[in-house]
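Below is one structure, written out as structure tokens; comments come after it.
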Amino acid sequence: MNKKFSFIIIDDSELDCFVTQKFLERSNENGTIKAFQNAKHALEMIRENPIEDNCPTIIFLDLQMPFMNGFDFIEEFEKFAAEIQKNYKIAILTILSPANNPTDVSKILTYKAVNSIIEKPLTKEKLLSFLIQV
Amino acid sequence: MTEKIKILYLDDESDNLMGFKASLRLDYQVLTAVNVPDALNCLETHPEIRVVFCDQRMPGKTGVDFFEEIRISYPLPIRVMLTAYTDVESIIAAINKGKIFRFVKKPWIEADIIGAIEEANKFYIANSMLAIKNDELQKAYDELNKFAYSVSHDIRGPLSGILGAINLANEIDDVEEMKKMLFLMKKSVTKMDAYVLSMHDYYSLQRGELKITEIDFNKVIDELKAIYTVLSKVNDVAFNISITQDGIFRSDYAPLRLVFNNLLSNAFKYQDRDSKNKSVEMIVEVEKSMATIYVKDTGIGILGSHVGEIFNLFYRSNSLEVGSGFGLYNVKSALIKLNGQIEVQSVLHQGTTFKVTIPSI
């Protein structure tokens, strides 16, 4: 795999940020990885540097977070100009599953910025199959 | 003795009103009105009226019209029609439109009126109890909803993080990296443990009677002091306590300790890591059967717009991972149990002061 991506991880859990980051480092992707425990800070970073390293950026986004949750983040993200938005793909990384939380999950899929949903806990296989299809 | 039941009687003939009042005023508080505007005014100024009697045939509005109107605007009082006008049409209208509780025929006998009042009063009380129960049920239901969210976030969240970490462990060879991960896993487990403990606090506060004992604040604080002195040293936070207790103070030990423990825990938890002069100060003053407790910190403070919400269940004003959203809610529940009050003053980036007052029971 030589597609080059940058990555942003947004998760209020420090452990989840760590796990996602380490899996990414081991996935042969060589783009930069930035982790945020507060979605607001990620939003500010995107606002200030909308196009990172001239390559598309994948955002791994947790949904249930204090302060600004995943839904709030997407709402804010969709206010960015279209040329900024098209540089990003959002992958939801959540403990919600289509089977147990159908309303929340179908709500996520109505946002066009959202590319896919990955159910936690993360595994190497889940990450690789996501990176292949993206 | 309980207060007399308030009743209202609307009739355009003042002789009827006087007779009614004269025979009932010993047992009930009787208000009278000779026209509809007077009656409406009466209902407005006396919201505790439980039974409304009304004549059917009056100039202008009929009794049915009046009942139909107040059924919407003053739904609580129970409606009783008192009239000599007994054609079937008006009885049907009184029942269907006025939704009356009883129909008493004029000329009335006292036993009928008293019977109607007593039955109406029972009905009124049953309705009110139902409304209160409904409110309680709604509240419990709302909490259950929040609880469901919280269980998924605060229990399943850390669990799936730990599972993810176990999956990752297969890929890690570097010992330092592994140690870092174990450290983060431990934090998740500790957080979950704290969550389960405060959930236990939550339930024991919701139930159970008060266990009143004499409280020596020096003893209460001594136990907590041991825990927090360690924390104070590790995190380089100055910790000062001052206690003055003048006389006997009676209260329930467990909720009291919970209040102290949560406020102190927050004061240490929400310190500004980069600040040089970190301190926590606790002042306890017990005077004339009233305890006043101040817990002051030099921490990160609370955003003005969040202050109103910090006592809500599962509210977290901070994105730091440590909060469970139980702590201050439990403090508030404990204080309600102890008949106490809490106030908060906070300046962002400078610190927060909680002031608690608790009366001796």
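So that the names make sense, note that chain A is the first sequence line, chain B the second, and so on, each numbered from 1.
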**Message:** Under 4.5 Å from any heavy atom of chain A, what part of B/Ile166 do you find: side chain, backbone, both or neither?
**Reply:** neither

**Message:** Is A/Lys124 close to chain B through its backbone or its side chain, or both, or neither, when contacts mean heavy atoms under 4.5 Å?
**Reply:** side chain

**Fill in**
For A/Asp16 and B/Ser160, the nearest pair of non-hydrogen atoms, with its separation, is OD2-OG, 4.4 Å

**Item:** SG on A/Cys17 to CG on B/Leu184, rounded to 0.5 Å
**Value:** 9.5 Å

**Fill in**
So, the part of B/Leu159 with a heavy atom under 4.5 Å from chain A: the answer is neither

**Request:** First locate atom CE of B/Met178, then atom NZ of A/Lys22, and finally report the distance between them rounded to the nearest 0.5 Å.
**Result:** 12.0 Å

**Request:** Enter the distance from A/Ser27:OG to B/Glu171:CD here, rounded to the nearest 0.5 Å.
**Result:** 10.5 Å

**Message:** Less than 4.5 Å apart, side chain to side chain, heavy atoms only: is that true for B/Met185 and A/Leu15?
**Reply:** yes

**Item:** Working for salt bridge (charged side-chain N to carboxylate O under 4.0 Å, His left out), residues A/Arg26 and B/Glu177
**Value:** CA-CA 13 Å; A/Arg26 285 163 173 74; B/Glu177 225 174 15; 2.8 Å; yes

**Prompt:** Where does A/Glu25 contact chain B at under 4.5 Å (heavy atoms): side chain, backbone, both or neither?
**Reply:** side chain

**Prompt:** Hey, is CG on B/Asn170 packed in by over 12 heavy atoms from elsewhere, all under 6.0 Å?
**Reply:** yes

**Item:** B/Asn167 side chain near A/Leu122 side chain, heavy-atom distance below 4.5 Å
**Value:** no

**Fill in**
In short, B/Gly157 meets A/Ile95 closest at the heavy-atom pair N-CD1, 3.8 Å

**Message:** Please check if the number of heavy atoms outside B/Asn277 that lie under 6.0 Å from its CG is greater than 12.
**Reply:** no

